[in-house]
Amino acid sequence: MTGTRVPEKPTLDGLEDRWAAAWDQQGSYTFDRTKTRDQVFSIDTPPPTVSGSLHVGHVFSYTHTDCMARYKRMRGYEVFYPMGWDDNGLPTERRVQNFYGVRCDPSLPYDPDFSPPATPDAKQQVAISRRNFIELCEQLTVEDEVVFEQLWRRLGLSIDWSQTYQTIGANSQMVSQLAFLRNLKRGEAYQAEAPTLWDVTFRTAVAQAELEDRERPGAYHRIGFPTTLDPSTKVFIETTRPELLAACVALVAHPDDERYQPLFGTTVTSPIFGVEVPVVAHQLADPEKGSGIAMICTFGDLTDVIWWRELQLPTRPIIGWDGRILPETPEWITTSEAKAHYEHIAGATSHTAKERVVALLNQSGDIVGEPREIMHQVKFFEKGDKPLEIVTTRQWYISNGGRDPELRAELVKRGSEIRWHPAHMKVRYENWVEGLNGDWLISRQRFFGVPIPLWYRLDSEGNPIYSEIMMPEEADLPIDPSTDTPAGFDPQSRNQPGGFMADPDVMDTWATSSLTPQIAGGWERDPDLWARVSPVDVRPQAHEIIRTWLFSTVVRSHLEDNRLPFLNAAISGWILDPDRKKMSKSKGNVVTPMGLLDEYSADAVRYWAASGRPGTDTAFDVGQMKIGRRLAIKLLNASKFVLGLDATQNDAAISEDVDKALLAQLAKTVEQATTAFEDFNYARALEVAESFFWNFTDDYVELVKVRAYSETDVAGAASAKAALATTLDALLKLFAPFLPFVTEEVWSWWQEGTIHRSPWPSSEAILALAGNGDAAMVADVSEALSQIRKSKSDAKVSMRAVIESAVISASEDQNKRLQLAAKDLSSAGSIQSLTFAAGANIEVSVVLAAATE
RNA sequence: GGGCGCAUAGCUCAGUUGGCUAGAGCGCCGCCCUUACAAGGCGGAUGUCGGGGGUUCGAGUCCCUCUGCGCCCA
């Protein structure tokens with residue numbers, strides 16, 4: 001019988017659409033939630049940023065994860081493989097503003113009947129409430145998510161499409177807010193006044209990623225500070241920002257600087273403002289810069305912030321959110337003369353204040369010489385025109401060990417509990433955690449994002465009392481404090497004296513992303529699911545976000561559950577373009593994946609991706625895709641041939657030594673691939689499978705072809721067919737994680753069900769069939785066969801040309817093995833008379849038969 | 001300035017606790033219409049394993065050092 005359905009002309013065309021649809025229909029990858037935690041392999045899939053553009057970098061790392069998922073599924077695990085979309089944050093905010101012609105005004109009430117303007121006008125954006133804005137974000141990102149999903153399906157990712165989430169979705173908001181409230185109740189979240197990079201034009205905090213340095217002219221002013229011990233002695237500092245003199249909290253010099261060592265621990269008095277400040281030592285003070293001793297102000301630049309923080313200095317801000325000198329005279333300025341000086345600059349822009357302070361210093365004789373003009377780098381918001389100020393604002397923080405050595409040690413320990421792939425990535429985690437010097441700032445002065453779910457009571461003058469926090473009930477989450485009302489208050493009392501106000505901020509996107517295991521796994525929403533999938537088995541991610549995504553996830557899980565969020569971290573590398581630059585949208589060197597899938601097939605593109613070793617940056621290389629395509633086609637043809645021999649059963653006795661040897665080799669291959677996969681080294685698993693496969697088709701199949709066709713050598717033919725069937729079965733399975741389409745196609749020719757739920761091959765079972773087979777024979781036979789071919793190639797004759805006589809000389813062991821294959825070697829090489837002789841290595845000498853026309 | 005990684009054939013890369021003459025594919029050259037595959041097959045040539053030093057019977061592999069490149073942090 002032939003139970004096979006082998007097509008006449010196998011092709012890769014159309015496989016992707018056909019099998020993607022079949023898997024979807026059959027629910028091949030649907031998570032079976034009756035399985036218990038020990039039967040489950042769960043994946044904390046990275047949610048890609050839904051920004052409307054796709055590139056091959058996406059394909060690369062997601063393929064790695066899918067190969068692992070498919071392997072584990074074949075190992076019998078029920079794989080929990082969800083998909084998330086990262087549509088939270090600024091990129092989406094900007095796109096929505098431009099696309100719909102709207103802007104977010106959190107003070108506005110929610111309008112359930114709102115619809116965006118028919119013809120968006122970027123210059124006259126319609127102001128809408130935060131909830132309306134978020135709804136538009138969701139609408140727009142859904143379109144992008146459809147495009148991503150099509151790509152993922154086409155690529156063959158074995159995702160359970162019933163398990164999806166959006167980082168701005170209601171569930172993500174609920175999880176983010178709930179986790180935050182738990183942190184707050186346990187004392188892990190707190191608010192504090194802290195210095196923030198601030199754009200005075202836009203009146204917004206600016207993130208590190210939005211900074212740019214610009215060269216600007218400046219001038220050093222040399223200013224004398226009388227020492228307290230002897231007011232006739234002055235210490236001279238040089239500063240480019242004399243307007244901040246009233247904000248001076250200390251002078252600082254390098255600890256090794258002998259000029260200033262006697263002053264450490266003493267105090268000096270600021271000129272014109274008469275404030276006594278200490279002289280301190282810090283490594284970052286540069287003896288070569290200016291006079292070698294600097295004025296620390298709160299805050300002139302980022303170094304001031306570091307000094308202020310590390311030296312525990314007081315906070316004396318004088319610049320307001322509008323960039324002007326604060327109107328009220330600060331409490332640390334006490335003498336009437338100093339107060340008069342301050343009043344002279346109060347309310348001025350920093351530019352005007354600088355002129356006035358310099359004038360006052362000139363009058364008092366505390367400035368020396370002319371200003372020395374320089375060019376220096378100044379930090380700007382990338383879209384701003386004025387230099388950034390550093391202002392102190394009230395922000396929310398979560399403890400991450402940055403200020404607590406005990407917690408830090410616990411988090412370092414957590415990092416060492418994670419199994420890292422590759423192992424050296426652990427060091428990056430440790431370096432980061434050990435180098436932390438502050439807690440995690442999670443509040444952002446943005447519109448789009450998960451709102452901080454709090455309100456504050458307002459005093460009788462309408463000023464917020466930040467110590468009187470009002471939290472929502474957990475059951476009411478998610479909430480938007482800008483439209484929802486705290487318990488016990490009338491909506492009318494919003495922003496009224498004696499009433500309440502919403503916290504205006506949203507959370508950092510990492511505050512949500514740090515909870516992806518909880519979001520996807522049903523934490524607090526579906527405790528039964530959560531128990532079956534957590535802690536997650538593997539977190540796949542890129543190396544540059546170990547310090548952000550990975551670390552913050554560990555922090556949340558440690559604080560909430562006192563355990564790891566995931567057991568393994570699989571770190572992927574980047575895609576580099578052929579010039580070895582990181583591929584990114586801004587460089588314009590991005591290759592879009594759909595065209596590649598069309599040209600080379602999904603299996604071929606996956607082959608390229610899977611060749612990239614874990615954690616290693618990999619060059620974009622269509623050459624690898626061509627090889628992958630060739631491999632997939634070869635798999636079709638070789639399978640067609642094997643099945644065409646009716647080699648579909650492996651229950652016949654495997655009697656021939658060559659066949660046993662092949663199976664011994666196969667068992668070894670399976671074992672190596674399995675070991676590699678267990679170590680998350682999918683690339684190695686592919687390599688060993690591929691290496692075996694080419695040897696199988698090039699040599700073994702050629703060798704046993706004649707015997708397998710034989711009608712006289714019944715036992716020999718049966719043995720060959722059984723070995724072929726066994727090998728084909730195992731090979732398809734070894735390749736299934738990498739080439740899901742072509743292996744499924746071939747599987748369907750002769751087997752029932754999906755290959756992707758069939759059991760991973762067992763090296764023990766294959767070894768049992770191999771009996772006393774000697775794997776070393778495979779290489780010897782290949783070598784002999786290769787030399788027989790070479791002799792024909794050298795003689796420029798067809799491979800079918802008849803060899804009259806051949807002598808193989810080889811070592812005793814090799815000869816022993818080769819003689820067992822003599823029959824097959826003779827038929828494969830068309831050798832009429834084959835004899836063996838003693839020698840060192842395998843050498844074949846032949847006498848070709850006279851050509852017969 | 002600190003940390004991590006990389007450097008092997010013209011190209012892209014393997015090379016596992018040190019072990020026979022360092023491998024694969026692409027590309028290149030030659031041959032073969034061969035009854036699974038000519039969009040294929042078979043065969044061939046190609047190396048100062050970045051430089052220098054050390055440990056060892058033996059080093060691409062371990063140690064030191066230098067150079068170049070990448071990333072993260074300061």
Side-chain angles (χ1 to χ4, degrees), chain A residues 6-13 208 283-284 286 302-303 306 420 422-437 542-548 551 571 573-574 576 578-582 599-601 604 607-608 611-613 615-645 647 672 675-676 679 681 683-684 686-688 690-691 694-699 701-702 705-706 708-709 724 728 746 782 785-801 828-830 840-841:
Chain A
V6 185
E8 200 55 34
K9 187 81 183 165
T11 170
L12 298 179
D13 297 340
Q208 197 80 31
Q283 307 277 352
L284 284 178
D286 183 356
L302 290 171
T303 318
I306 296 168
W420 297 84
H424 67 79
M425 291 295 177
K426 184 175 88 166
V427 180
R428 298 191 182 209
Y429 175 94
E430 287 173 351
N431 287 348
W432 175 253
V433 180
E434 283 162 1
L436 286 170
N437 52 24
H543 50 67
E544 85 279 14
I545 52 174
I546 288 173
R547 65 173 216 283
T548 49
F551 175 61
I571 309 295
W574 281 334
L576 307 176
D579 297 330
R580 307 208 64 77
K581 296 284 186 306
K582 185 191 173 186
E599 185 170 359
Y600 299 104
S601 84
Y607 172 89
W608 158 74
S611 312
R613 308 185 84 75
T616 307
D617 294 346
T618 301
F620 173 73
D621 184 7
V622 292
Q624 284 293 109
M625 296 178 199
K626 289 179 186 166
I627 299 164
R629 183 174 175 83
R630 196 172 64 121
L631 173 64
I633 291 171
K634 188 81 173 177
L635 211 45
L636 288 175
N637 286 319
S639 301
K640 180 189 169 200
F641 176 70
V642 169
L643 296 176
L645 288 168
Q672 285 171 350
T675 304
D679 194 31
N681 195 343
R684 176 85 181 142
L686 173 58
E687 190 186 310
V688 297
E690 191 187 6
S691 164
W694 285 108
N695 185 253
F696 169 70
T697 58
D698 291 351
D699 296 340
V701 171
E702 294 300 322
K705 228 178 207 177
V706 175
Y709 275 125
L724 286 166
L728 181 63
V746 173
S782 290
L785 196 57
S786 170
Q787 291 204 29
I788 292 164
R789 286 172 180 148
K790 179 167 158 45
S791 64
K792 294 185 185 180
S793 187
D794 289 347
K796 301 187 180 185
V797 296
S798 156
M799 288 297 144
R800 282 200 303 175
S830 306
N841 291 308

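Below, chain A is the first sequence line, B the second, and so on; all start at residue 1. Worth saying up front: this structure is predicted, and the values here are computed from it rather than measured.
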Under 3.5 Å on both distances, the Watson-Crick or G-U partner of B:G23: B:C13

Could you check if a side-chain atom of A:Ser611 sits within less than 4.5 angstrom of a side-chain atom of A:Met625, using non-hydrogen atoms only? no

State the pairing partner of B:U48; accept Watson-Crick or G-U wobble contacts with both distances under 3.5 Å, and report none otherwise. none

Gap in Å between the two P atoms, one belonging to B:G51 and one to B:U8, rounded: 10 Å

Distance check, P atoms only: B:G50 and B:C11, in whole angstrom units. 14 Å

Can you tell me how far P in B:C73 sits from the matching atom in B:G19, rounded to whole Å? 37 Å

On the nucleotide B:C13, are OP1 or OP2 found under 4.0 Å from the side-chain N or O atoms that A:Arg613 carries? no

Between CZ of A:Phe641 and C1' of B:U34 the distance, given in whole Å, is 11 Å

What's A:Glu690 touching, base or sugar-phosphate or nothing? Going by heavy atoms closer than 4.0 Å. nothing

Side chain of A:Ala638 (C-beta onward), nearest among B:C71, B:A36, B:G30: B:A36

Any idea how A:Trp608 and A:Phe620 line up, ring-wise: parallel (<30°), tilted (30 to 60°), or perpendicular (>60°)? perpendicular

Touch class at under 4.0 angstrom, heavy-atom based, for A:Glu687 against every strand present: sugar-phosphate

Partner of B:C71 by Watson-Crick or G-U wobble geometry, both contacts under 3.5 Å, or none? B:G3

Atom-pair distance (NE2 on A:His424; C1' on B:C72), nearest Å: 13 Å

If B:G43 has a Watson-Crick or G-U wobble mate with both distances under 3.5 Å, name it; if not, just say none. B:C29

Short side-chain N/O contact from A:Arg630 to OP1 or OP2 of B:G41, under 4.0 Å: yes

Has A:Ser786 got a side-chain N or O lying under 4.0 Å from the OP1 or OP2 atom of B:C42? no

Which part of the nucleic acid, if any, lies within contact of A:Tyr429, taking any heavy atom under 4.0 Å across all strands shown: a base, the sugar-phosphate backbone alone, or nothing? nothing

